[in-house]
Every structure is written in C-alpha cells, then in structure tokens.
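FYI, side chains are in, hydrogens and waters are out, and symmetry mates aren't considered; it's all heavy atoms of this structure. None of the values given here were measured: they were computed from a predicted structure. Proteins get letters first, then strands, A, B, ... in listed order; numbering begins at 1 in each.
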There are 2 protein chains.
Amino acid sequence: MTRWLDETEQRHWRAYIYATTLLHEKLSRELQEAHGITLADYEILVRLSEAPDRRLRMSHLADATLASRSRLSHQIDRLEKADLVRREACETDRRGSNAVLTDHGWDALVEAAPTHVAGVREHLVDLLTPEQFADLGNALAVVARHLNSPDLPAEQLA
Amino acid sequence: MTRWLDETEQRHWRAYIYATTLLHEKLSRELQEAHGITLADYEILVRLSEAPDRRLRMSHLADATLASRSRLSHQIDRLEKADLVRREACETDRRGSNAVLTDHGWDALVEAAPTHVAGVREHLVDLLTPEQFADLGNALAVVARHLNSPDLPAEQLA
DNA sequence: CAGGGGTGGTTGAAAGCCGGACGACCTGTC
DNA sequence: GACAGGTCGTCCGGCTTTCAACCACCCCTG
C-alpha cells in the first residue's frame with residue numbers, strides 16, 4: 001500500500017526539486033561565465049587544494065565528489081588539458097594515479113572562490129535566518145548519512 | 001571583500017550538496033531500474049497527467065520542468081519513441097505543438113508513482129520530523145522564489 | 001610462487017545535453 | 001496589408017556522461 005503525499009507534503013517536495021535544480025544551475029553558470037569552470041570542476045579543485053601536497057588518489061577523489069570513476073577520469077582529462085590539474089603515478093600502488101593541483105589550478109581556484117562564496121550567500125545563506133540555514137543543514141545531513149550508508153535492511157530499525 | 005563561510009556554514013553547505021546530489025541520483029535510479037524512466041521523464045509525465053486533456057504546450061512544459069526548449073524537445077523525442085507521449089499540432093497557434101500523454105504513458109505513470117512516492121518518503125520525508133520537513137520546504141520555497149524572479153537590482157531591498 | 005579473484009583507472013562507443021542558429025509563425029503598428 | 005519584432009519548436013555541432021570492456025596490478029590462498 002502506498003501512502004501518498006498529502007497536499008502540503010507535495011508542495012514542499014516541489015519546492016525542494018525546484019530550488020535545488022535552480023540553485024545548482026545558477027551557481028554553476030556563475031562560475032562558468034566568470035571563470036570557465038563548472039561547479040563540479042570547482043569541487044574537484046577544492047578537494048585537491050585541501051589535501052596534503054595538493055594531491056589525491058583518483059578513487060578517493062571520485063568518492064569525495066560523488067562521481068563515478070569513469071566520469072572523474074574524463075573530467076580530469078579536461079582539467080589536465082586546461083592545465084589546472086595533472087596526473088602522476090602513485091608510488092605505493094602501481095595501478096593507481098594521483099591527481100595533483102597545478103600552480104595554475106591553485107590560482108584559478110583562488111580567483112573563483114569569491115564568486116562561488118558570493119553565490120552561495122546571495123542565493124541561499126543570506127535568504128534565510130541563521131536558524132533556518134542551520135536547520136536546513138542539519139536536516140540534509142541526516143539525509144546524506146542515510147543515503148551514504150550501506151543499505152541496511154529496513155527491519156534493522158524496528 | 002568576500003565574506004567567507006565559517007566552519008559551520010561550510011559544513012551545512014557540504015551537507016546540502018551531498019544530500020541533494022545523492023537524493024536525486026537515488027530517486028532517478030530507483031525509477032529507472034523499476035520502470036525504465038528517469039526522474040525528469042517522470043516529472044514530464046506528471047505534469048501532463050495533471051493538465052486538462054492530458055496535454056500541454058511544449059514551451060509551458062519546458063518552463064514547468066525547468067528544461068531548456070532544446071532539452072525538452074529531445075526528451076519528448078525519447079518519450080515519443082517509448083510511446084509514452086505523442087506530439088500533436090496546436091490548433092490555435094500553428095507554430096506550436098502539444099505534448100499529449102498516451103494511454104500507455106498514463107499506465108506507465110500509474111505504475112511508477114508508488115515507486116517514486118515510496119522513495120521520497122524513505123529517503124527524505126520519513127527521515128525527518130514533520131516540522132523539520134515543513135521547515136525544509138518553506139526555506140527552499142524562499143530560495144525558489146528568489147531564483148525564479150527576474151533579477152532585481154540588489155539595492156531594491158535596501 | 002602460481003593462480004585466481006578483486007581493485008584502480010582508462011578507454012571507446014553510444015546516448016544525452018546545451019547554446020545558438022534557424023525557419024515558421026504570430027501580433028502590433030502604421 | 002505589409003513589415004518589424006517577438007515567440008515557438010527543431011536542428012546542428014560540439015561537449016559531457018554513461019556503460020561495459022579492458023589491462024595492469026595487488027593480494028590471498030594453497
């Protein structure tokens with residue numbers, strides 16, 4: 001038996017779909033117009049910039065950015081062509097490679113970051129009260145944990 | 001001067017990106033595996049099913065689903081191949097076409113709806129208290145309104 | 001230390017997506 | 001009633017994503 005969404009739930013759900021789609025597009029477009037990179041590119045650069053020696057294993061980076069291995073591989077191809085990232089062989093595991101942020105990549109990130117942060121503030125954070133934003137973050141943290149955990153049988157909760 | 005995100009804001013922002021990406025993927029994959037349609041397809045079918053005579057102008061449908069005209073056109077191509085939707089000429093405006101839900105499309109929607117609703121509940125609604133979910137919806141409604149409105153100069157708010 | 005199963009990452013082909021250009025058509029104005 | 005400017009939907013070219021196959025390598029087991 002399906003328990004349907006009542007009218008209010010449906011309204012909230014549509015607001016969710018609507019807002020998340022629009023926000024993602026807007027932030028990505030702003031980055032692209034100002035700096036020629038997408039939001040996905042930006043997130044890769046951020047991860048690398050935070051990593052020790054500004055390098056990460058491909059698979060780790062794929063997990064962190066929620067990309068498939070194949071997708072990340074292509075994406076790194078492009079970033080490599082743009083000289084924002086380069087690949088290097090992994091010392092300890094000869095199957096592996098590291099993605100390394102180039103100096104040019106670092107500079108690009110430093111330039112793009114204000115655009116990104118301003119967008120996040122303008123189109124999200126500053127539209128809400130601090131409590132609202134905190135509640136949003138906490139609620140979505142629950143969702144993220146749920147979706148990220150290996151699928152437990154639902155019964156386990158009973 | 002850029003006002004950076006503090007550590008807490010950053011945590012919330014990452015939860016946002018993480019959860020919205022995962023949730024979208026999960027719901028789309030569930031639909032695809034069970035019924036061979038994506039979330040975007042599903043939303044088109046829903047809009048058509050709710051419209052008078054189960055038909056809508058292409059441009060209206062594009063706006064409603066936040067798709068570019070070009071993207072919608074391709075998407076309708078696919079749905080037409082799958083016999084879920086068909087096109088028909090618009091009577092009152094010879095430039096236009098209507099997308100019409102076929103009987104088969106209606107049946108597919110009726111079949112897919114329980115999967116979708118169950119997913120939304122399992123991975124979002126039922127993870128939160130009713131208040132949390134309502135707050136989420138209301139906060140995102142603010143965001144959606146903001147992003148949807150024609151760009152006012154920021155000064156207008158002062 | 002040989003073999004088998006698993007993992008890391010890349011690749012190519014096919015499908016999907018977007019922006020921009022386009023032809024067709026509508027509508028207001030003179 | 002002609003024309004200018006807008007709107008409707010499609011199409012083209014180029015890029016992105018996905019899927020599945022693949023090679024190279026690791027590691028465990030016997």
Rounded interatomic separation in angstrom, taking NE2 from A/H60 and P from C/dG9: 11 Å
Expected output: side-chain B/E88 to main-chain B/S97 donor-acceptor under 3.5 Å: no
Gap between atoms CG and P, on A/L79 and C/dT10 respectively (whole Å): 13 Å
Atom-to-atom span, CD of B/E80 to C1' of C/dG16 - whole angstrom: 17 Å
hbond_proxy A/H74 side chain to C/dG12 base (donor-acceptor, 3.5 Å cutoff): yes
side-chain N/O A/R57 vs C/dG9 OP1/OP2, d < 4.0 Å: yes
Distance-only donor-acceptor pairs under 3.5 Å for side chains of residues 57-72 of chain A, two or more places apart:
residue : atom : partner : partner atom : Å
A/T65   : OG1  : A/L61   : O            : 2.8
A/S68   : OG   : A/R71   : N            : 3.0

Main-chain N/O of B/Q132 paired to B/D135 side chain as donor or acceptor, under 3.5 Å: no
For A/H35, all residues meeting ring-ring contact (aromatic ring centres under 6.0 Å, His included), sequence neighbours excluded: none
Residue whose closest nucleotide on DNA chain C lies nearer the 5' end, A/M58 versus B/A40: A/M58
Under-4.0 Å side-chain N/O to phosphate OP1/OP2 contact, B/S73 with D/dG9: no
Between P of D/dC11 and CG of B/L72, the distance in whole Å: 13 Å
Atom pair distance, as rounded to whole Å: CG in B/D77 and P in C/dA14: 20 Å
Geometric class of the B/Y42/B/H116 ring pair [parallel <30°, tilted 30-60°, perpendicular >60°]: tilted
Flag, side chain of B/T102 to backbone of B/D83, donor-acceptor distance under 3.5 Å: yes
Touch class at under 4.0 angstrom, heavy-atom based, for B/R78 against every strand present: sugar-phosphate
Reading 5' to 3' through nucleotides 20-28 of chain D, protein heavy-atom contacts under 4.0 Å coded B for base, S for sugar-phosphate only, - for none: B---BBS--
Phosphate OP1/OP2 of D/dC11: any B/R71 side-chain N/O under 4.0 Å: no
Gap between atoms CD and C1', on A/Q75 and C/dT11 respectively (whole Å): 16 Å
Integer-rounded Å distance: D/dT16 P and A/I44 CD1: 12 Å
Any donor-acceptor N/O pair, A/D6 side chain to A/T8 backbone, under 3.5 Å: yes
C/dG9 OP1/OP2 closer than 4.0 Å to side-chain N/O of A/S59: yes
Length of the CD-P vector between A/E33 and C/dC18, whole Å: 15 Å
N or O in side chain of A/R69 less than 4.0 angstrom from C/dG8 OP1/OP2: yes
